[in-house]
Each structure stands twice: as structure tokens, then as C-alpha cells.
Amino acid sequence: MVDKTDDSADSRGLPLSARAMGARAAPYLDQLNPAQREAVETLEGPVLMLAGAGTGKTRALTARIVHLLNTGGARPGEILAVTFTNKAAREMKERVAEMLGHGVEGMPWLGTFHAICVRLLRRHAELVGLKPNFTILDTDDQLRLLRQLVQAAGFDEKRWPARHLAGIIDAWKNRACTPDKVPAADAGAFNRHGPELYAQYQARLRELNAVDFGDLLLHMVTIFQTHEDLLEQYRRRFRYILVDEYQDTNIAQYLWLRLLAGGHHNICCVGDDDQSIYGWRGAEVGNILRFEKDFPGARVVRLEQNYRSTPHILAAASAVIAGNQSRLGKTLWTELDSGERLRLIGHWDGEEEARWIGEEIESMQGGTRGMRPFDLDEIAILVRASHQMRAFEDRFLTTGLPYRVIGGPRFYERLEIRDAMAYFRIVMSPADDLAFERIVNTPKRGLGDKARQVIRGIAREHNVPLLEGARIAVEQGMIKGKGSAALGRLAADIARWGRMAGEGEPGHMELAGIILDESGYTEMWQNDKSPDAPGRLENLKELVNQLDAFENLQGFLEHVSLVMDNDQNDGAARVSIMTLHAAKGLEFPAVFLPGWEDGLFPSQRSMDESGIPGLEEERRLAYVGITRARELCTISFAGNRRVFGQWQSSMPSRFIDELPEAHVEVLTPPGLYGGHGVGAGHTAPAQEHDLDDRAAQADGYNSPGWRRLQQRLQVRGGADAPGARQVLDLEAAGSFVVGQRVFHQKFGYGPITAIEGDKLSVDFEKAGPKKVVARYVSAGEDVPF
DNA sequence: CAGGAGAGGGTTTTT
DNA sequence: CCCTCTCCTG
């Protein structure tokens, strides 16, 4: 996020509201409970707000900012408010503005760690050997660079993947280790060349005038550690510091905060140790557990009144998280009515699970078993790993249930977006070698490996960037054939576009269009006959449209390198599908938690790599999942699942055994998962027809839900057998005729040109001709979306 | 040098 | 199973 406000904001007078508020009672304080109020009104000194799920943490945090402005005498530019995600930053900005009753343009230092560090680093880049216009590499660029280094060092990429090295280096950066400070214990990393390659990588980044994500924090910590005067200056500037999601901070972020808070100790950290789910990324729960030691005299405030979930949901979540040893401990309570118990259901396999959830969602919309009707956008499916999403997508595509995947492939990670961005980058910074490499032969200009070798050689010889090397190579006639002219033209074009950007004429949106058109990039996709080409052109158009919100290309590049979300707010109600990680901070009236099987959740890998702490983090993930639900929470598991195309059977998650019986309604016949509660072991899942009467009589298994399930199972009978499935598919195809206009969620609308078995040939209007399976297609006219 | 076929590898989680 | 990368052919 790029905000145009600069230091001038700091010197502005008090906001009008401060004077206006002076005598009157502050309405925003009246809305707070006593604990929240304490956290808001304790303005001086260190404060730790331990805020359980759904306890009004954001409200307290924003009220605190407003309170600082109104009565603390803080000017907007004197408050440093850091969040973890862009979404959280945006939300906080909005809510502060709302509470203040006017715009929040005067809060220049409210943002993510990364965004704030970019701003700081641009000002002081030269202190770490960079120029202010450094580029920020994404993971892809980072990997490419590391791959080069690994190869140059003579490593076999197969045995020593650059990916692995990237992970090691990231871990070092998360711990604020510069190459010279790598702990001796890590000397053996990456076949004992880890530290050396790390140093090379950092040197290379400096040459390229580039940083990666980790560097943003790392460089700022280095700068503050080595330039006391500068640190002192910022300590005076940021009189008050607020930190959201403190449990997610890594060591570098922790050091950064400690340095800045070092003088006045006016730091307020908000977090929940029970929701620390980013340990794998370097987050240190220890940071929050240790807060009182780090800041002696800290006021610790516990927010325990939950405004979100029913008592059943809270009780279940509390029981699960109680299984963790290392936690500060909180007791959530609520004044809400008890509502529905959690629901637990087992399935034969993953597809059955997806099918059941789909059907359940359908009936929930009309109101079922005495519950109120739920809208689609009140419902979310939260999975452990993103590959679980596919089963649901497949199923919902088939039945036409509108859904939205949150955190899927990100806009800016797409090929065409990255290419376009590379063009913009090389125009704005001609020394951006990575961008040059990316676009030099895209579209094809007849510049293959050989030509690139020559360019690299010349650039190295003259000690200039690749683009300049290319210019020299052309001048000296060292590129053969057609490539020579094309390369010369490219170099000239880039220079010309750069001049246009400098003159600000034409506007940057137009310029972006010109670059993409004149480079031949747009044309490349226009001539591409693959089905996804039209979509890519759409994306490029969208990219140019997004430029509208920015002053210039430079600002836009910044934005894209830090911000990842592209919310598709098309207004239509949809079920949300996302990972548990992506769901943190969100809430939904009804939540489905599928895939609760040992190995999947808790993830085998977490347990293997991190042992008990790993398992505890998984348990926190379970806690986060359950507490996302306001009214209804449905947990499910499948006995069998296809992994890498192979069938695997698994046992129900151990977390299921930790659910308190009194708060759970079991929709599954016990034969399916080996019983619940007393003596519940991990028996292998039995077949569906294992239902037995004894179970049906047991209290808790005789619920309306269970009877419904039984009915469903009987009605469906053997429809799941492979033979039956094929018949269904043929029937599906049979309901279409050639020439009929149909709709496909991915490809859009188009007429059927041929039918073979269950496959339809459709000439999609946007995506072009494609063969699709009949059940992914619906009749074109009256589709709900 | 470009485009297609085949093999191999990868699934946590993301700023 | 699906995607990416590599090798081979035209």
C-alpha cells in the first residue's frame, strides 16, 4: 500500500476532533467492557493485551489509537501501528477513520511490518549499500538467483535444491542473522556451504540493488543497531507503538520493535498465544510469552469476554486448546445463548465428504432441522492444506453451488502479470537484470541461450547492467542474425519508455498500455491459441486498470510487491473456501472443518519436523478453526482419501477425541470412526453399511441429523459404485444437445459443437474451443451466477 | 530456436 | 494427479 502522505503529516496540528472532544465524554469508550477500557486508557508504558478469539481486539486497538489522538496528545504521525497483513492494516485504517468521524490520511505509519520497513529503507538505503530505488524480489526471483549461485558453486541441483537453500536463508533472516552472524551450529547447513552461499546471495542482491522480503526487516534492524543517532530520531518520532498479532512476530520483527520502543517503552502489543500458527515461518510464540520480562512493569490485560460464538463452540474450542502445555491461559466466556452443539460426521472418502457438505449447504439455505436459514456468504469451509480445496471445487462446480476460493493463486504470481511487471520494472530501473532476463525473449525475439550468454559476458566485462551490455553487444555487432535488430529495438524502446515515464507524459496508465503493446507482449497473447490466452489478456487489462489508483508506475510496483490480495467483490453470495491460516481474524455464522484425519490434520509433516511444539501448533490451528464459527461448526473426516492419485486410508484426527462429548452432536454411526469419548481408540474406519441398531439407540446417536444421514445413505444405495457413476455421467451428457448454449465456471459461455459420450466440445465465447466433461457444464440461460 | 512430448517431483501454511 | 522442467525433434 502506498500512501502519498509524507512527513508533512507529522507537523500538522492536532486534529480538529481533539479539541472538540476535550471536555465531552468519549462515546467510543462507552462501547468498551472494563478490560478493553483498561487496555485503551493505559496510554503510557508497556501494555500487553491478551485477546482471545472474538473478544473485540480490533475494537480495542482502534479505540486506543483514537484515544491517543484525542486525549494522549499524540499527533497522527507519532503513532506507529503495525499489523501483519494488508487486510488487517486496511481494516484498522477504516475503523479508525470511522471512529474519528473523518479521514485517516494523517496516519502515515499504520501498515504492515513490510510496508513500513520499505518506507524506512527507501530513506536510508545507502546505509546498507543500496540505492533508494531498490527493487523487491518475490520468491520466484529469489529462487532463480539462488539457483544460479548453487549451480555456479558446482552443486547438483537434484541433491541440493535451491529451494532448500532459500528456506535456510529465510530462517536466518527471520532470526535477524546477517551472513557474518550465522550461528556456528548452522555452519554445516546446505552441505557446509550454506553460510558462504548466503553471503554470496546477499552480495548479489546488493549488486542488483535488490532486496527480498526478509531483507526489509533485516536491513532496518542492521541500520538501527549500527546508527544510534538515527534510531534515537525514530524513537522520538514514534512516541507510541501498537502491534497487532504479536504472537506472530519473528525475531527480526521483535528486535525491530524492541529497538524502536527502547526509549519510552510506550508499546502496546495485542495478541493471543493460542492463535500462534506461524511458527513454521519463524514466528516465535516466545515473544509474547516473554513480554513481561522484556518490558518490566508491563500492564497485562486479558480480554476474555467473547462476543462471537455460542457457549457450545467456546467450550469445544477451550477443551481442545487445553491440551497444550505451553500457553498463558485464558478463560473465554460469553453471554450468548447456547445454540447448536458442534456437529461431527465421518465419511467413507473425501468425495463423499465434499458431497455431503455440498448438500448440507444447499439445505441450510432453506433452514433445516429447526435452524435459521443461512446465506451462502455466511458459510465457510476451512481446510488444513490448499490441496483439499480441489474436492470441494470439483463438487461445487458439478452442482453449480457458487463458491469463492480465498488465497488461491495470487494475481501477481500469474505468468502474464509477472511478465508485464518485469517490463515495467526494466523501464523504471534499467539496471534490473532479473527483469531484463525475464523479458528479453518474451515475446520471442530470436534471442536464445547463446545470445544471452554473449550479453552476460559483455555486461560482466564492462561491469554494467545487462541492458547496457545488450546495447553494447548490438553496437559491436556481436549478436548474430535476426536477434540483433530485435535486441537493438528493445533496448531503444526501453530507453524511450523510460524517458516518457520521466516526463510524466503520457499518463502512467497509458504508458503501461504502450509498453505492453509496443513490446509485442499483448500481441503475443492475442496470437496464442491456447484456451487460457483470453483470460490472460483480461488479467493484463485488469492490471492496467489497477494502475489508476496510483500516482505513477513506481508507486504501483511497490504496491504489487507487497500486497497480494485481489478480492473479487462481485457482490454475489458465495460459500468461502480457504485454509485455516487464511481464516485467522475472520468469522462466519457457519463453518465446516473437513479433513480432520491424523496425518492431514494434525499434519504429519508438522509433527515429524517439529515434534510436540509442532503438534501444539496444529492444535492451535484447530482452535482457530473452531473459533471462527459464530453459530454452527461442523467437523468432518474421511476414512479414505486420494493422495497423489493413490488411495490412502487414515484414522480420525486425535483432535476429535479431544472434543468434549457434551458439546458435540455426532452425526456419524460409531462404526465409522470407532466411537467417541470413553475408550475411544483409533480404530480403522469401517464401511458405511456397518450401521448397527445398538448405536442408533444410544443417546446422542439418535439425533435428527443422524436419522437424516441414515435415510440419505439408504436412498443413495449403491449409486457410488463405479458402474453407477458412469451411467449418471452419460445421462448428464444426454441432457444436452448440439448447438445448446452452456455455461462452464472456468471458461464461461458457449455453444456445444459436438457430443461424444460424456464429453462435450464447446466453442466458448471467451476461452475458445474446448472439450469438457458434461457434468462441469450447466445449461446456459438460467444460471444463478 | 521453437514447440511438443515425456519424465520427475511435489502438497502445509505466506508477508 | 497435476504442474514444471527437460530433452528431443522439426
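To find a chain, count down the sequence lines: A is the first, B the second, and so on, and within it residues start at 1.
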* To do: Considering just the side-chain nitrogens and oxygens of A:Asn441, establish if one lies under 4.0 Å of OP1 or OP2 belonging to B:dA2.
  =>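 Yes, such a contact exists.
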* Asked: Think A:Thr579 has a side-chain N or O under 4.0 angstrom from the OP1 or OP2 of B:dT14?
  ->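 Yes, such a contact exists.
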Any idea which of [options] is nearest the [X] side chain?
| X | options | answer |
| --- | --- | --- |
| A:Lys450 | B:dT11, B:dT14, B:dC1 | B:dC1 |
| A:Lys444 | B:dA2, B:dT11, B:dT13 | B:dA2 |
| A:Ala582 | B:dT14, B:dT11, B:dT13 | B:dT14 |
| A:Trp280 | B:dC1, B:dT11, B:dT13 | B:dT13 |
| A:Arg281 | B:dT14, B:dT11, B:dA2 | B:dT14 |

Can you tell me how far [atom2] of [N] sits from [atom1] of [X], to the nearest Å?
| X | N | atom1 | atom2 | result |
| --- | --- | --- | --- | --- |
| A:Leu580 | B:dT14 | CG | C1' | 14 Å |
| A:Leu217 | B:dT14 | CG | C1' | 14 Å |
| A:Gln648 | C:dC1 | CD | C1' | 13 Å |
| A:Arg163 | B:dT14 | CZ | C1' | 13 Å |
| A:Arg147 | B:dG9 | CZ | P | 14 Å |
| A:Arg641 | B:dT11 | CZ | C1' | 13 Å |
| A:Glu393 | C:dC2 | CD | P | 13 Å |
| A:Trp647 | C:dC1 | CH2 | C1' | 12 Å |

Answer with base, sugar-phosphate or nothing: what part of the nucleic acid does [X] contact at a heavy-atom distance below 4.0 Å?
| X | result |
| --- | --- |
| A:Phe113 | nothing |
| A:Ser606 | base |
| A:Leu447 | sugar-phosphate |

* For A:Tyr201 and A:Leu149, which heavy atoms make the closest approach, and how far apart are they? ->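 For A:Tyr201 versus A:Leu149, the nearest heavy atoms are CA-CD1, 3.5 Å.
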* Asked: Any donor-acceptor pair under 3.5 Å linking the side chain of A:Asp138 with the backbone of A:Asp141?
  ->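 Pair found, side chain donor or acceptor close to backbone of A:Asp141.
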* Asked: So, A:Asn640 side chain and A:Asp349 main chain: donor-acceptor pair closer than 3.5 Å or not?
  ->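 Here the side-chain-to-backbone pair does not exist.
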* To do: Verify whether one side chain among A:Tyr403 and A:Glu393 offers a donor that lies under 3.5 Å from an acceptor in the other.
  =>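 Yes, side-chain donor-acceptor contact under 3.5 Å.
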* Looking at A:Asp272, A:Asp274, A:Asp248, which one forms a salt bridge (charged side-chain N to carboxylate O under 4.0 Å, His left out) with A:Lys584? ->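 Option passing the salt bridge (charged side-chain N to carboxylate O under 4.0 Å, His left out) with A:Lys584: A:Asp248.
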* Closest-nucleotide 5' rank along DNA chain B - winner of A:Pro161 and A:Glu617 ->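 Result: A:Pro161.
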* To do: For nucleotides B:dT13 and C:dT4, find the distance between their P atoms and express it as a whole number of Å.
  =>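 Rounded to whole Å, the distance is 15 Å.
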